[in-house]
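The structure under discussion appears below in the form of structure tokens.
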Amino acid sequence: MTKQERLRALHEKWFSKCTCALKKTATQPVPGDGSAHAQIVFIGEAPGKSEDMQGRPFVGAAGKFLTEMLESINLKRDDVYITNIVKYRPPNNRNPEPSEKEACRAWLTEELNVIQPKVIVFLGRHAMNTFFPGEQISKVHGKLLVKKFPYIETTYFLPLYHPAAALYDGSMRETLKKDFKKITHILKKIQ
Ligand code: URA
């Protein structure tokens, strides 16, 4: 099986296996999307309304901003892999509960183990705190974190502000755009 086929098979498996309580209220699951050979995986929080309707991550306003930032470093969405901690939309876009994050956790780990990216980029505190519970996004955004976890190969992690939070806050938006540009340098450094 190719990596792309392995990804498709694991999503199919988790569509029925995932025990996330949000399944009851969401329209459909929103699995990760993009290249199975990506060097960079972006991890967001949870699908919003547009994602819930289309079944694809980051296709609403925050997704448009993410696509613009990717283009600013000469990358297309198809060059990277984009996924979320939680694969089902929380009602009214509330924060995901710890039990919901936990229910979708093994699904995420399996995605990461197929792709084995060079760097994992956290979009916002929910994604970052799943791996680094003690860190604060306001302190570590744009800083490369290096850690070996027992369950994934990737050791480089870059926390960024969430594009949705930055959309309506001018100074956060500029910080995010500046932090985002560090991805190119980081990829060169860790080749
Ligand atoms: N915000 C997220 O965290 N994920 C999406 O897929 C869309 C918006």
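What's counted below: heavy atoms across the whole structure, side chains too, no hydrogens, waters or symmetry copies. Start at 1 and go down the list; that is how both ligands and their atoms are numbered.
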Are the side chains of [Y] and [X] in contact, using a 4.5 Å heavy-atom criterion?
X: Pro57; Y: Phe42; answer: no
X: His126; Y: Pro96; answer: yes
X: Leu7; Y: Ile115; answer: yes

Rounded to the nearest 0.5 Å, the CZ atom of Phe122 sits from the CD atom of Glu135 at a distance of 10.0 Å
d(Ile152 CD1, Leu108 CG) to nearest 0.5 Å is 8.0 Å
Could you label the plane-to-plane angle of the His141 and Tyr161 rings as parallel, tilted or perpendicular, counting under 30° as parallel and over 60° as perpendicular? parallel
Next on the checklist: Once you measure the plane-to-plane angle for Phe149 and Phe157, does it fall in the parallel (<30°), tilted (30-60°) or perpendicular (>60°) bin?
Outcome noted: perpendicular
Does some non-hydrogen atom of Arg56 fall short of 4.0 Å from ligand 1? no
[X] to ligand 1: N or O pair under 3.5 Å?
X: Phe58; value: yes
X: Ala62; value: no
X: Asn84; value: yes

Counting heavy atoms under 4.0 Å, the part of Pro163 that contacts ligand 1 is neither
Logged contact type for Glu51 with ligand 1, heavy-atom cut-off 4.0 Å, is side chain
So the atoms of ligand 1 within less than 4.0 Å of a heavy atom of Glu45 turn out to be 2 (C), 3 (O)
Near His162 (heavy-atom distance under 4.0 Å), the atoms of ligand 1 are 1 (N), 2 (C), 3 (O)
To atom 5 (C) of ligand 1, the nearest of Ala46, Ala61, Pro57, Gly44 on a heavy-atom basis is Ala46
